[in-house]
Amino acid sequence: MMAAMTVKTVVDDIADGGAGIKVFTLVDPDRWELPPFKPGAHIDVHLANGLIRTYSLCNDPTDNKRYVLAVKREADGRGGSIYLHDEIKRGGVIGVSLPRGGVPLPSHLTGFAFIAGGIGVTPFLSVAAHLRRIGRNDFVLHVISRGPPPLADMLAPLLQSGHVVIHDTWAGPRPDIVQLVGRPLADALIACCGPVSMIDAFEQASCDWPAVHVHVERFVAPPLPVDPQARAYVLALARSGQEIAVAAGESMLLDVPASCCGGICGACKVEWLQGEPVHRDRALSPAERERSLLVCVAGSASERLVLDL
Amino acid sequence: MPLRPKLAMLYERERNNAMLDIVTPESDAAASMWSGVVRHLHITPRAFLPMREMRELTLVAGKGIEGDRYMVGREEGFYSPKPEEGRQITLFEFETLIALKRDHDIDLGVDEHRRNVTTVGVPLTHLVGKQFWLGETLLEATRLSIPCRHIEEITGKSIFDPLINRSGLNCKILQGGIVRVGDVVRSMQ
Ligand code: FES
């Protein structure tokens, strides 16, 4: 299939978010509306050095011409944040994925509590902006930070309106997550985003809560097509001699022309030579399947599948 | 207008069928005398970006729609790596949106099907290979549009299957001009 296409954005602004954080504002080159997102959603940022990193959007979804990301420079991280901090300048072009995920905010609930560790505050900035805009004031955001909280400028209006509680662990004791989570409520939602240790503590503290009222913000990969039978296999290209490992449920990453990407148009038809293809298309006849498959949907039941490519 | 040979053969066969001798070439010609209207117009400058509703579009013959992703020279659409004349302008039946709601309980907005023109009263699927007027512009339909998986990703709605065979029409622009909401769409016949 064609390589993943991304949404083309331009870096419109880079601001200092304090505490080693830079706030990037991405816009469309023509300032067109960007693909919509839910409060607290995240996007993958495709960097020129081949790295793909996931960041929460911090702005209100109705602010639909900008993606605002806050990135903390992680000196001993895997390189994505360093690249963004050191290499990306205003006017630079960045490809991003469509936004995914978001914090569920059922309107019938009567209260929301969010617990954020450090830079984990980002999704809740978007959520808070959304809630305030729709006139919901029944939420509280706990920010646990070492030293002054990150993104002070963005937090300031929420501090002023009394929606934020800062827990500075340098100035005072570490807050007890159990206490912040509190006793289970039937009509409230609690959510957490932060370091793994904090999420673990949060999950433990909230195990008595109804699962639908508990949200942990994790950066999840895009969902794969659901096929419990799918297996990993090796794709061998007979003519070029190439061998490609394909993970279970993944589509063959081959550079063949594609169109519908859903197994109905036949644009991505190739001949197969050996193995046991799983066709999943709705275009080929049984006779055609004896020799051909459609790359966009086909998988393999055998360990190895050989294509005439 | 003379009937094409294949069609004439079909009529011949039908004439031999006593039950159908009330159907004449003339009555069939009358049946193709449809006319419809432009209900919505949309463009977007790049793949994945939301479609923006417009009051009018400028069509350039042989090229596309000004400001749209598939305009020749712009090439910023999802399918731009696979150029095709029929991407110059695409049309979609408003009636399909009604059918999606009725048959599948799916609310699909006029800005979500990602075609440029939403029509009412135009039998789009009958027009492949034919020329027709869209307001003051003249189009030729090259093929039926095919739904694309990435529309599910963009809209978050499971619409790929329900859109098979009714995903609109791909056309090339023979005569350019301005198309406005409310313009009449009519057959060349
Ligand atoms: S791209 Fe249409 S069948 Fe594969």
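To find a chain, count down the sequence lines: A is the first, B the second, and so on, and within it residues start at 1.
Between A:D12 and A:R66 no salt bridge is recorded (no basic side-chain N to carboxylate O distance below 4.0 Å). The pair A:R289-A:D281 meets the salt-bridge criterion, with a side-chain N (NZ, NE, NH1 or NH2) lying under 4.0 Å from an Asp/Glu carboxylate O. The existence of a salt bridge linking A:R100 and A:D44 is confirmed by a sub-4.0 Å separation between a basic side-chain nitrogen and an acidic carboxylate oxygen.
The aromatic rings of A:H108 and A:H213 sit tilted relative to each other, their planes meeting at an angle between 30° and 60°.
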Verdict with reasoning, A:S292 to A:E271, per side-chain hydrogen bond (donor to acceptor under 3.5 Å, both in side chains): CA-CA 4 Å; A:S292 309; A:E271 313 262 287; 3.2 Å; yes
Apply side-chain contact (heavy atoms from CB on, under 4.5 Å) to residues A:L307 and A:L293 and explain how you reach the verdict. CA-CA 9 Å; A:L307 302 183; A:L293 56 78; 3.9 Å; yes
Start with the C-alpha distance between B:F132 and B:C171, add both sets of side-chain angles, then the distance that settles side-chain contact (heavy atoms from CB on, under 4.5 Å), and finish with yes or no. CA-CA 10 Å; B:F132 61 97; B:C171 298; 3.9 Å; yes
Please assess B:R87 against B:Y79 for the test side-chain contact (heavy atoms from CB on, under 4.5 Å), listing each intermediate value before the final yes or no. CA-CA 9 Å; B:R87 296 224 169 83; B:Y79 291 113; 3.5 Å; yes
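Without hydrogens or angle criteria, A:R136 side chain to A:S107 main chain gives a donor-acceptor distance under 3.5 Å. No donor-acceptor pair under 3.5 Å is formed between the side chain of B:R52 and the backbone N or O of B:I43. Panel note: side chain B:R74, backbone B:R69; no donor-acceptor pair is recorded below 3.5 Å.
Under the 4.5 Å side-chain criterion, counting only non-hydrogen atoms from C-beta, B:L41 is in contact with B:V38. For the pair A:L98 and A:V7, the minimum side-chain heavy-atom distance is below 4.5 Å. The shortest distance between side-chain heavy atoms of B:V110 and B:R39 does not fall below 4.5 Å.
Surrounding CZ of A:R291 are at most 12 heavy atoms belonging to other residues, nucleotides or ligands under 6.0 Å away.
The distance between the ring centers of A:F112 and A:F139 does not fall below 6.0 angstrom.
When the heavy atoms of residues 115-129 of chain B are compared with those of chain A, none of the residues falls under 4.5 Å. Contacts with chain A (heavy atom to heavy atom, under 4.5 Å) involve no residue of residues 56-66 of chain B. Within residues 146-170 of chain B, the residues having any heavy atom closer than 4.5 Å to a heavy atom of chain A are B:I146, B:P147, B:C148, B:R149, B:E153, B:I154, B:F160, B:D161, B:I164, listed by residue number. Within residues 23-37 of chain A, the residues having any heavy atom closer than 4.5 Å to a heavy atom of chain B are A:D28, A:P29, A:D30, A:R31, A:W32, A:E33, A:L34, A:P35, A:P36, listed by residue number.
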